[in-house]
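Data block below; observations after.
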Amino acid sequence: LDDNPVQGYANMLATVTHELFHACQRRYKAASSANIKFDEATAQMIETDCIEYFLANGKMKAQPEVENINYIERYAVPLDKYSVTYDGVETAFARKDRADLGYTLAYLVRYLRDRNSPNMSYDTLLKTYDSFWTTPTMSELLKTAFGLSDESLTTQYQLFARRHQAMFYE
């Protein structure tokens with residue numbers, strides 16, 4: 001944990017929230033047909049929501065130390081892939097590291113939700129996830145959940161990138 005008990009408690013509470021949400025996800029979608037990127041993106045979203053709630057309501061006295069999820073190179077990887085090659089730059093995420101790509105996408109999922117369905121609950125989002133009989137791609141999930149076409153998803157991804165580009169350099 002942490003030498004500082006207040007910081008240790010904040011870190012533990014954030015981690016437990018994130019991991020407990022994975023158990024909730026399995027209520028909607030079996031692990032055998034899960035999408036790791038979506039699982040991690042939505043767990044990261046609820047973790048962030050809960051941190052804000054815990055801090056605002058005195059349940060947490062320190063900001064948790066969360067891994068930097070703003071890594072710009074993760075956004076270079078297409079939504080439905082785990083590797084990318086651009087002009088001599090090649091990045092591939094090993095199976096054990098693929099969850100890392102989902103953490104970053106929490107910002108995109110939140111952006112799409114806020115822009116297209118601001119009142120959408122996690123229950124509704126997870127019911128969309130459950131509506132797929134097989135493992136859905138990340139782009140299929142986002143298009144279905146937020147009523148987007150291929151073109152509108154691409155446009156909104158570009159708008160998201162422009163709006164948040166400064167965040168990538170923090």
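All values below come from the heavy atoms of this structure, side chains included, with hydrogens, waters and symmetry mates left out.
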Do Val84 and Pro78 come close enough that some side-chain heavy atom pair is under 4.5 Å?
-> yes
Any Phe146 side-chain heavy atom under 4.5 Å of Met120 side chain = yes
Euclidean distance, Ile46 CD1 relative to His22 NE2, rounded to 0.5 Å = 11.0 Å
Neighbour count above 12 (heavy atom, 6.0 Å) for Glu151 CD | no
Kindly indicate whether the side chain of Tyr111, heavy atoms from C-beta on, has any atom under 4.5 Å from the side chain of Arg163.
-> yes
Indicate if Ile36 and Leu20 have the same hydrophobic cluster label, given that clusters are the connected sets of ILVMFWY residues with side-chain heavy-atom separations under 4.5 angstrom.
-> no
Residue list, salt bridge (Lys or Arg N to Asp or Glu O under 4.0 Å) with Arg113, at least two apart or on another chain = none
From CA spacing to verdict: side-chain contact (heavy atoms from CB on, under 4.5 Å), Ser33, Thr134 = CA-CA 6 Å; Ser33 61; Thr134 59; 5.8 Å; no
Nearest heavy-atom neighbours spanning Leu125 and Ala145 | CD1-CB, 3.7 Å
Less than 4.5 Å apart, any side-chain heavy atom of Asp39 and any of Arg26?
-> yes
Looking only at atom types and distance, does a side-chain atom of Asn4 sit under 3.5 Å from a main-chain N or O of Val6, one as donor and one as acceptor?
-> yes
Answer yes or no: is there an ion pair linking Lys37 with Asp100, defined by an N-O contact shorter than 4.0 Å?
-> no
Here the gap from Ile51 atom CD1 to Gln63 atom CD, rounded to the nearest 0.5 Å, amounts to 6.0 Å
Quick one: are the ring centres of Phe21 and Tyr122 less than 6.0 Å apart?
-> yes
Could Lys127 and Asp123 be called an ion pair, given the rule that one side-chain N must be under 4.0 Å from one carboxylate O?
-> yes
Any donor-acceptor N/O pair, Ser149 side chain to Ser152 backbone, under 3.5 Å = yes
Donor-acceptor pair between Glu140 and Asn35 side chains, under 3.5 angstrom | no
Rounded to the nearest 0.5 Å, what's the gap from OG1 on Thr48 to CZ on Arg110? Could you check?
-> 5.5 Å
Side chain Asn11, main chain Pro64, donor-acceptor under 3.5 Å | no
Trace of the side-chain contact (heavy atoms from CB on, under 4.5 Å) decision for Leu112 with Leu148 | CA-CA 10 Å; Leu112 293 172; Leu148 304 172; 4.1 Å; yes
Using atom types as modelled and distance alone, determine if a side-chain donor or acceptor of Asp80 lies under 3.5 Å from a backbone N or O of Ser139.
-> yes
List for me each residue that meets ring-ring contact (aromatic ring centres under 6.0 Å, His included) alongside Tyr157, sequence neighbours excluded, and say none if there are none.
-> none
Could you walk me through whether Thr144 and Phe132 pass side-chain contact (heavy atoms from CB on, under 4.5 Å), step by step?
-> CA-CA 10 Å; Thr144 302; Phe132 291 90; 3.4 Å; yes
From Asp130 atom CG to Tyr28 atom OH, the distance as rounded to the nearest 0.5 Å | 8.5 Å
What ring pair (Phe, Tyr, Trp, His ring centres under 6.0 Å) pairs are there with at least one residue in residues 31-55, not counting sequence neighbours?
-> Phe38-Tyr129
If you take all heavy atoms of Ala106 and Met45, which pair is closest and at what distance?
-> O-CG, 3.6 Å
Under the side-chain contact (heavy atoms from CB on, under 4.5 Å) rule, what do Leu108 and Leu142 come out as? Steps first, then yes or no, please.
-> CA-CA 10 Å; Leu108 175 63; Leu142 297 176; 4.1 Å; yes
Less than 4.5 Å apart, any side-chain heavy atom of His18 and any of Tyr103?
-> yes
Would you say Glu40's side chain and Ala99's backbone share a donor-acceptor pair under 3.5 angstrom?
-> no
Leu55 and Lys61, any side-chain heavy atoms less than 4.5 Å apart = no
The reported gap from OG1 in Thr128 to NZ in Lys29 (rounded to nearest 0.5 angstrom) is 11.0 Å
Quick one: does Leu79's side chain get under 4.5 Å of Leu153's, heavy atoms only?
-> yes
Give, for atom CG of Asp150 and atom OG1 of Thr154, the distance between the pair rounded to the nearest 0.5 Å.
-> 6.5 Å
